[in-house]
Amino acid sequence: MMRTHVPAEPRSDGYTKPIPDILSIIKDSYAELRPAERRVADVVLADVTFAVGASNAEIARRAEASEPTVTRFCRAIGCEGVRDFKLKLAQSVVVGRLYLAPGEPSPPTTDGSPLWSVVFGEARNAIAAVERSIDPAEILRAADMVANAHQVVVFGLGGSSTWLANETQNRLFRYGVVAISHSDPYVLKMTAATLKPNDLVIAISGTGRTREVIEVVELAKHYRARAIGITAPDSELAAICDVKLTVDIPEYPDPLKPTASRYAFLLIVDLLATAVGYRLDPSARETLRRIKYTVLNHRKGKVLEPLGD
């Protein structure tokens, strides 16, 4: 049976229905198409920009097929017809243009690693952007909030934000701060509903537009908890947080290079954690001593090694 994508029905909860990924549908369904329909698929996949703007007759001519074949192809992949197919194809192009074809080839490198200098350069630029953007007074203000909180709950969703949330919890508990991190959307909401006025949320989002994170911060503040946002400036998340630790890191246009923004946000976490450590000194120093004593008894080693490696 032909696999097709059934778009979500319109929803009343404020969320928009997902954009059908028509390119993936074509690729996944390719083996099940008739030979003439495969020629139409080949034309579409070879030049998506052409397919978006071309007429039914132009697509048929390039595919060496009839116009009814183009219509049958559209219906075979779950579209109502050519017009519906073109609309969904245009949406796929808008979302994924960077990923459809390679861009300009990167210049050759003597070390043999693609984008060697770019990766290092983007990391340095991200760190420099934090130094320019972050107000030390806001770091100290955030550190005071952490030090005085009954508990700190760190929220983050997605690849980088989940890891950063875990790392924030990892940095803070070593100073004796009661800190936990969550990345499951339902657990986020349940946890936010348990918070009290002396609790603190640290919300991490690279874009500041992740709906689930914004909603749990709003819920936490409804129960009078306070919030620190580590996110993009002028974002919806930043707007609702009591302290905003923000930096803008433009993305490098090559999608195969990992984002450099995580260096920037990790540096913000380190700045905050260091300020918390000094704010809680000497109790933080004693907690760290106990951890180091336990670790060295477990695996031996040197005093000046990473704590809890």
Side-chain angles (χ1 to χ4, degrees), residues 14-15 122-123 126-127 129-130 133-134 138-139 141-143 145-147 149-175 177-196 199-223 225-251 255 257-277 308:
Y15 288 94
E122 290 290 294
I127 293 171
V130 173
S133 304
I134 296 297
E138 288 299 284
I139 291 288
R141 184 181 169 206
M145 292 170 63
V146 172
H150 172 257
Q151 66 171 329
V152 178
V153 184
V154 193
F155 294 152
L157 289 178
S160 294
S161 294
T162 295
W163 164 70
L164 286 164
N166 291 336
E167 182 60 18
T168 303
Q169 185 266 340
N170 190 39
R171 297 258 73 85
L172 295 180
F173 91 85
R174 302 174 185 214
Y175 300 131
V177 175
V178 179
I180 56 174
S181 66
H182 290 301
S183 58
D184 180 279
Y186 288 100
V187 175
L188 294 185
K189 281 197 170 184
M190 289 189 291
T191 303
T194 69
L195 299 180
K196 295 177 175 59
D199 294 329
L200 175 67
V201 168
I202 298 178
I204 303 175
S205 172
T207 64
R209 295 192 304 272
T210 303
R211 191 74 250 154
E212 293 86 350
V213 175
I214 293 168
E215 287 178 350
V216 296
V217 171
E218 290 174 336
L219 182 59
K221 290 178 69 66
H222 171 76
Y223 289 108
R226 303 184 75 189
I228 297 170
I230 301 177
T231 186
D234 303 317
S235 62
E236 189 173 353
L237 176 60
I240 61 175
C241 290
D242 299 287
V243 173
K244 311 158 188 21
L245 304 177
T246 64
V247 63
D248 180 25
I249 306 296
E251 282 299 305
K257 190 198 78 65
T259 177
S261 62
R262 68 192 191 284
Y263 298 116
F265 289 116
L266 178 60
L267 183 55
I268 293 174
V269 170
D270 279 358
L271 290 169
L272 174 60
T274 302
V276 170

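Note that the numbering runs from 1 along the sequence shown for the chain. Both backbone and side-chain heavy atoms feed into the values below; hydrogens, waters and symmetry mates do not. Fair warning: this is a prediction, and the values are worked out from it, not measured in the lab.
Taking 4.5 Å as the limit, every side-chain heavy atom of L245 sits out of range of all side-chain heavy atoms of L271. Side-chain contact between T168 and V152 is absent, with no heavy-atom pair separated by less than 4.5 Å. A 4.5 Å side-chain heavy-atom check between I249 and Y263 finds every atom pair outside the cut-off. Counting heavy atoms from C-beta outward, I134 and I268 have side chains that approach closer than 4.5 Å. At a threshold of 4.5 Å between non-hydrogen side-chain atoms, the residues Q151 and L195 count as touching. S160 has its side chain within reach of T259: a pair of non-hydrogen atoms, C-beta onward, lies under 4.5 Å apart. The side-chain heavy atoms of I228 and V146, taken from C-beta on, include a pair separated by under 4.5 Å.
Look at D242 and K221 and you find a salt bridge, because one of the NZ, NE, NH1 or NH2 atoms lies within 4.0 Å of a carboxylate O, short of that distance.
Of the inter-residue distances, the one linking S235 atom OG with I214 atom CD1 reads 7.0 Å to the nearest 0.5 angstrom. Atoms CG and CD1, on L266 and I230 in that order, are 10.0 Å from each other to the nearest 0.5 Å. One finds the CD1 atom of I202 at 10.5 Å from the CZ atom of F155 (value rounded to the nearest 0.5 Å). For the atom pair CD (E218) and CG (L237), the distance works out to 9.5 Å, reported to the nearest 0.5 Å. Atom CG of N166 is separated from atom NE2 of H182 by 10.5 Å, given to the nearest 0.5 angstrom. Separating the CH2 atom in W163 from the CD atom in E167 is a distance of 6.5 Å, to the nearest 0.5 Å.
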Check the pair V177, V276 against side chain to side chain contact (heavy atoms under 4.5 Å, CB included), reporting the backbone distance first and the verdict last. CA-CA 9 Å; V177 175; V276 170; 4.1 Å; yes

Taking it one step at a time, do V216 and V201 satisfy side chain to side chain contact (heavy atoms under 4.5 Å, CB included)? CA-CA 9 Å; V216 296; V201 168; over 6 Å; no

Run R211 and E236 through salt bridge (Lys or Arg N to Asp or Glu O under 4.0 Å) and show every step you take. CA-CA 9 Å; R211 191 74 250 154; E236 189 173 353; 3.3 Å; yes

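The heavy-atom pair separating M145 from A227 by the smallest distance is CE-O, 4.2 Å. When all heavy atoms are compared, the tightest approach of S183 to L188 is N-CD2, 4.2 Å. Between V247 and S133 the shortest heavy-atom distance is CG2-OG, 3.9 Å. The shortest non-hydrogen separation linking A238 to A232 is CB-O, 3.8 Å. Of all non-hydrogen atoms in E251 and S261, the two that sit nearest each other are OE2-OG, 4.1 Å. Summarising the geometry of A143 relative to A275, their closest heavy-atom pair is CB-CB, 3.6 Å, with the distance given to 0.1 Å.
Distance alone, capped at 3.5 Å, is enough to place a donor-acceptor pair between the T231 side chain and the S205 backbone. A donor-acceptor pair under 3.5 Å is formed between the side chain of D199 and the backbone N or O of K196. A donor-acceptor pair under 3.5 Å links the side-chain atoms of T194 to the main chain of T191, judged by distance alone.
For D184, the CG atom sits in a packed shell: over 12 heavy atoms of surrounding residues, nucleotides or ligands are nearer than 6.0 Å.
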